[in-house]
S.K.: 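One structure, as structure tokens, below. Some questions next.
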Amino acid sequence: MRKASGGLAAIAFGLGFAGLVAAPIALVVHLKDGLPEAVREKSVLSHARALQRRVIALDSHVDIPPDYTKVPEHDPGRLTGMQVDLPKMHRGGMDAAFFIVYVGQGPRTPEGYEAAKDAALLKFTAIRRMAEELYPDEIELGVRAEDVARIHAAGKKAALIGIENGYVIGKDISLLEKYYHLGARYMTLAHIGHNDICDSSIPLSHLGDAEIEHGGLSAFGREVVAEMNRLGMMVDVSHISRDAMMEALRVSAAPVIASHSAVSELGNHPRNLSDEQMEALARTGGVMQVVAFSAYVKVDAARAAEERGLRSRVARAAGDAHFSYIKHGKLPAFVNGMKEIGARYDRASLEEFVDHIDHAVKVMGIDHVGISSDFGGGGGVKGWDNAAETVNVTAELIRRGYSDEDIEKLWGGNLLRVWGEVEKVAVRLAERREAEADMQPDAEETFLPDENIAPAEHALGPNGG
């Protein structure tokens, strides 16, 4: 893969799909290879718009608020302040998204598990309501990998469902099948804080987390992975500890995914994946969806400290012990505070985000990398801050020298391939169970000894053998 020159990236960033159409071309240009840079940039943008119409652009992680579809400001059919709504998806060329049933880690008590389940069901209901009741002519729920292409061909957006944090099943593994039937097609095993399934990459001291609890997956966690394989639900290793991730790769019968992770080589953050982890993920056939979350793309300790302080103050002012992007992220105190911090520190740029994609491709190969935003959950970089700017990512990939085929793989082709393989593994496991069941004797069948065969004690002699 060859990097192309930067060009007039500022033309595209912040304008979205429609903005690219009307983007002005600078009159003062630099010449290279006999062509004005502005002319080359115009060609890139034209190519990006055309390619965006052809490929299926799938974002693997979009968070939603608890009152999604219930209030005008969180109505996905309107142009809202949310980073993802249907008008922005249309404008930027985002064709499909995994809308996320996220529940933050809480106490591991019967009451905590029940509250987590209720919060999960609320979001399942909202996502399905969007696709099945409110806007069925614009967006359709997909439950199989092959559905995405069919829905795209019909001119609609595809709504897919992922779960973030296995806390929503508590200790009740039967809930996995319930959530699967509601549409969940991947589950992140843990979030911030350990749970009963595995260790997190970031323990929560206020919940009593030790640095290491399970040393990877728990015995229950291994059962959970096996059940997800049986159902055909993708195992997601984003957020979990290094040991838990590597163990999940070993015990899963199907390839696994990292639904929204960045590269630790470029951003030293416990949420990011090392080259060792990325290589192991690729070897086992999985895919890493590189996340456009500024704090993971560009790790700045001073800025991170200020943001932690702001989050703590905002949460306390709202009467909560801990901050949630979904609950507190739109509050004026947080929005204004982030603007003040942003004036002092640069956020990560689209170019820096694509640097992470470049590194992942170098380590893993083009067939094992994808793209995610984490919009609605704190995600976004300068140049890709909402769904309307999705085409800007495609333009930057073209500048870097990625082919159309490469970009199609990054924008969902690789993830859909892995999802399809997970479905095939589930079918093979079912066939194996059926074959094994056929080999078992019927419990009600009576076996009578053949009268021509002597009793065992006679055959062996009076003292046995």
Side-chain angles (χ1 to χ4, degrees), residues 61-75 80-84 99-127 162-170 188-197 199-210 213 238-240 260 269-271 291 293-296 303-342 374-380:
H61 201 91
V62 172
D63 280 298
I64 62 171
D67 57 0
Y68 196 63
T69 73
K70 292 186 176 180
V71 295
E73 57 266 35
H74 294 149
D75 181 345
T80 68
M82 295 188 295
Q83 290 173 293
V84 179
F99 293 89
I100 302 303
V101 174
Y102 161 73
V103 179
Q105 187 61 40
R108 284 182 266 172
T109 62
E111 296 78 15
Y113 298 141
E114 191 65 24
K117 181 177 70 172
D118 290 345
L121 293 174
L122 187 71
K123 291 188 175 182
F124 274 111
T125 299
I127 297 165
I163 297 172
E164 186 173 28
N165 197 1
Y167 178 53
V168 298
I169 71 169
T188 318
L189 298 182
H191 189 247
I192 297 175
H194 305 325
N195 63 19
D196 294 293
I197 296 171
D199 292 341
S200 169
S201 62
I202 303 177
L204 285 177
S205 58
H206 74 267
L207 289 178
D209 287 354
E213 179 177 335
S238 287
H239 277 291
I240 71 176
H260 60 305
H269 192 287
R271 266 282 283 111
V291 66
F293 195 114
S294 180
Y296 305 150
R303 177 177 181 138
E306 288 202 32
E307 289 184 357
R308 283 195 301 272
L310 174 64
R311 290 194 295 268
S312 179
R313 292 193 300 275
V314 169
R316 287 200 307 270
D320 297 311
H322 307 288
F323 181 87
S324 163
Y325 274 105
I326 293 173
K327 184 174 183 180
H328 307 114
K330 301 297 182 184
L331 295 177
F334 180 72
V335 173
N336 294 333
M338 287 297 292
K339 286 180 180 177
E340 293 174 6
I341 293 173
D374 209 350
F375 286 152

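Below, all heavy atoms of this structure are taken into account, side chains as well, without hydrogens, waters or symmetry copies.
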S.K.: With His61, which residues qualify under ring pair (Phe, Tyr, Trp, His ring centres under 6.0 Å), at least two apart?
M.R.: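 Only His260 meet the ring pair (Phe, Tyr, Trp, His ring centres under 6.0 Å) criterion with His61.
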S.K.: Using side chain to side chain contact (heavy atoms under 4.5 Å, CB included) as the criterion, point out the one residue from Leu204, Leu207, Asp199, Ile240 that pairs with His194.
M.R.: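 Per the side chain to side chain contact (heavy atoms under 4.5 Å, CB included) rule, the option paired with His194 is Asp199, out of Leu204, Leu207, Asp199, Ile240.
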S.K.: Using a 4.5 Å cut-off on heavy atoms from C-beta on, say whether the side chain of Gln105 contacts that of Ile192.
M.R.: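 The answer is no; the side chains never approach within 4.5 Å.
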S.K.: Return yes if some donor-acceptor pair links the side-chain N/O of Gln83 with the main-chain N/O of Gly379 below 3.5 Å, else return no.
M.R.: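 Indeed, once roles are kept as given, a pair shorter than 3.5 Å links the two residues.
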S.K.: Once ring pair (Phe, Tyr, Trp, His ring centres under 6.0 Å) is applied, do any residues pair with His191, and if so which ones, sequence neighbours excluded?
M.R.: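 His191 satisfies ring pair (Phe, Tyr, Trp, His ring centres under 6.0 Å) with Tyr102, His239 once adjacent residues are dropped.
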S.K.: Hey, are Lys117 and Glu114 close enough for a salt bridge, meaning a charged N less than 4.0 Å from a carboxylate O?
M.R.: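 Glu114 and Lys117: salt-bridged.
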S.K.: Does Arg108 pair with Glu213 as a salt bridge, N-O distance under 4.0 Å?
M.R.: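 Between Glu213 and Arg108 there is a salt bridge, with a charged N closer than 4.0 Å to a carboxylate O.
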S.K.: Taking all heavy atoms of His322 and all of His328, pick out the closest pair and write down the distance.
M.R.: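 Of all heavy-atom pairs spanning His322 and His328, the closest is O-CE1, 3.4 Å.
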S.K.: So do Ile197 and Ile169 actually touch side chain to side chain, heavy atoms under 4.5 Å?
M.R.: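 Contact flag for Ile169/Ile197 side chains = yes.
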S.K.: How about Lys330: does its NZ atom have over 12 heavy atoms from other parts shown lying under 6.0 Å from it?
M.R.: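 For Lys330, atom NZ is crowded (more than 12 foreign heavy atoms under 6.0 Å).
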S.K.: Quick check: do Glu73 and Pro65 have side-chain heavy atoms less than 4.5 Å from each other?
M.R.: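 The answer is no; the side chains never approach within 4.5 Å.
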S.K.: Please evaluate residues Asp75 and Thr69 with respect to the criterion side chain to side chain contact (heavy atoms under 4.5 Å, CB included), reporting the C-alpha separation (whole Å), side-chain torsions for both, the decisive distance (0.1 Å), and the verdict.
M.R.: CA-CA 5 Å; Asp75 181 345; Thr69 73; over 6 Å; no
S.K.: State, with a plain yes or no, whether a side-chain heavy atom of Ile163 is found less than 4.5 Å away from one of Val168.
M.R.: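 In short, these two side chains touch, coming nearer than 4.5 Å.
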S.K.: Work out which heavy atom in Glu164 is nearest to a heavy atom in Thr188; give both atom names and the distance.
M.R.: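 What the structure gives for the nearest pair is CA-OG1, 3.6 Å.
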S.K.: For Ala210 versus Pro203, what's the shortest heavy-atom pair and its separation?
M.R.: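 Heavy atoms of Ala210 and Pro203 come nearest at O-CB, 3.6 Å.
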S.K.: Below 4.5 Å, heavy atoms only, C-beta onward: do Tyr296 and Val291 meet side chain to side chain?
M.R.: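 They are in contact (side-chain heavy atoms under 4.5 Å apart), so the answer is yes.
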S.K.: Are Met82 and Tyr68 packed together at the side-chain level, in the sense that at least one heavy-atom pair is separated by less than 4.5 angstrom?
M.R.: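 Side chain of Met82 against side chain of Tyr68, heavy atoms only: contact under 4.5 Å found.
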S.K.: Would you check if Asp67 and Lys327 make a side-chain contact, meaning some heavy-atom pair closer than 4.5 Å?
M.R.: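 A side-chain contact is absent here, since even the closest heavy-atom pair is not under 4.5 Å.
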S.K.: Return yes if a side-chain donor-acceptor contact under 3.5 Å exists between Ser312 and Arg316, otherwise no.
M.R.: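 Judged by distance alone, the side chains do pair up.
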S.K.: Would you please say whether a donor-acceptor pair under 3.5 Å links the side chains of Tyr113 and Asp196?
M.R.: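 Side-chain D/A pair, Tyr113 to Asp196: present.
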S.K.: Test side chain to side chain contact (heavy atoms under 4.5 Å, CB included) on Ile64 and Ile100 and set out the steps.
M.R.: CA-CA 7 Å; Ile64 62 171; Ile100 302 303; over 6 Å; no
S.K.: On a heavy-atom basis, which atom in Leu331 and which in Val314 lie closest, and how many Å separate them?
M.R.: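 What the structure gives for the nearest pair is CD1-CG1, 3.9 Å.
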S.K.: For residues Arg303 and Glu307, report the shortest heavy-atom separation together with the two atoms involved.
M.R.: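 Minimum heavy-atom separation between Arg303 and Glu307: NE-OE2, 2.6 Å.
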S.K.: Give the minimum heavy-atom separation between Asn165 and Asn195, together with the two atoms involved.
M.R.: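 Smallest heavy-atom distance, with atoms named: OD1-ND2, 3.2 Å.
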S.K.: Suppose we screen for ring pair (Phe, Tyr, Trp, His ring centres under 6.0 Å). Which residues come up paired with Phe334, at least two apart in sequence or across chains?
M.R.: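 Partners of Phe334 under the ring pair (Phe, Tyr, Trp, His ring centres under 6.0 Å) test: Phe323, Tyr325.
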